[in-house]
Each structure stands twice: as C-alpha cells, then as structure tokens.
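Structure first, commentary second.
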Amino acid sequence: MRRSPRSTRTRAPAAEAGSIATVGGLVTAGLGVSAMPALVLPLMGSGRIVCRPLVDPVVDRRLDIALRARRTLPVVTQRFLETLEEFRLQDRPLPPGVSWA
C-alpha cells in the first residue's frame, strides 16, 4: 500500500510489473507512472516517455560489485577494480549526490 503525498488515503497499486520493458509499455500506454534508475530508461522501449528527476526527497542508493566467491578473478576484472581504486584515490570530483562508501 502506498500513501499519496496529497491525501491521507492509502492506495494499492492497480498493477505491478517485474520487467522494465513491461513498465515502459504500461507508462507509454498511459496506464501508470514509475520511479526507476535513469540507467534503465533505454530498456523501457522507444515509446513516448517523459522523464523527470526525483528531487524531493532525494533518492540515495548503494552500489556494490558482485564477485564469485573463492575464485581467482579474471585479469580484466582485476584491472577494473584497480581502476576504480585509483580513481577513488585521485580524489576527483564526483557528480552531485555521489560519494565513495
């Protein structure tokens, strides 16, 4: 159940979808709205979808790197992790709202 910010009434979703493409189809058809990471927008299809950033409240999330347990990492994966660490140590400016954990 979700509470509307303009109302004290609680509403249940009319529909839920487990696929980004399905969500894109529902939004394109005018059957709903969705909040999702900007990176998945290209996966929603080529429909006419207008995107607006969420600014209040600010959405924050943690990203992790998943690796196979107790396995030797491929060289390309080792290099990728080294590149991330070098970038972090260089103290380069990050986009607004982004920080190293």
Side-chain angles (χ1 to χ4, degrees):
M1 303 293 263
R2 292 176 178 85
R3 185 174 303 280
S4 170
R6 294 186 184 139
S7 171
T8 58
R9 294 182 297 157
T10 301
R11 300 183 208 170
E16 293 184 13
S19 155
I20 294 167
T22 302
V23 171
L26 290 168
V27 172
T28 300
L31 298 174
V33 298
S34 181
M36 57 185 38
L39 291 174
V40 302
L41 296 177
L43 303 175
M44 292 180 63
S46 60
R48 298 176 301 159
I49 297 174
V50 176
C51 302
R52 301 282 188 261
L54 296 174
V55 294
D56 187 23
V58 173
V59 177
D60 208 359
R61 70 173 186 208
R62 176 182 167 160
L63 297 178
D64 292 310
I65 297 174
L67 305 168
R68 290 180 67 180
R70 297 178 297 280
R71 300 287 178 144
T72 301
L73 295 176
V75 173
V76 68
T77 303
Q78 291 174 4
R79 296 294 180 262
F80 174 69
L81 295 174
E82 289 168 4
T83 300
L84 286 177
E85 182 64 9
E86 288 171 11
F87 190 85
R88 185 184 69 80
L89 292 173
Q90 291 173 3
D91 202 27
R92 292 184 182 184
L94 297 171
V98 176
S99 63
W100 293 101

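These numbers were taken from a predicted model, which means no experiment stands behind them.
Put simply, Phe80 and Leu67 are part of the same group of oily side chains (I, L, V, M, F, W, Y) that touch within less than 4.5 Å, one to the next. By the criterion of side-chain heavy atoms lying less than 4.5 angstrom apart, applied directly or through intervening Ile, Leu, Val, Met, Phe, Trp or Tyr residues, Leu26 is not grouped with Ile49; the two fall into different hydrophobic clusters.
Closest of all the heavy-atom pairs between Leu94 and Ser99 is CD1-CA, 3.9 Å. When all heavy atoms are compared, the tightest approach of Thr22 to Ala17 is CG2-CB, 3.6 Å. Taking every heavy atom of both residues into account, Gln78 and Leu73 meet most closely at NE2-O, 3.1 Å.
In this structure, the separation between OG1 on Thr77 and CZ on Arg71 is 13.5 Å, given to the nearest 0.5 Å. Taking CD1 from Ile65 and CG from Leu81, the interatomic distance works out to 5.0 Å, rounded to the nearest 0.5 Å.
Contact of the Trp100 side chain with the Leu89 side chain is not registered, since no non-hydrogen atoms from C-beta on lie closer than 4.5 Å.
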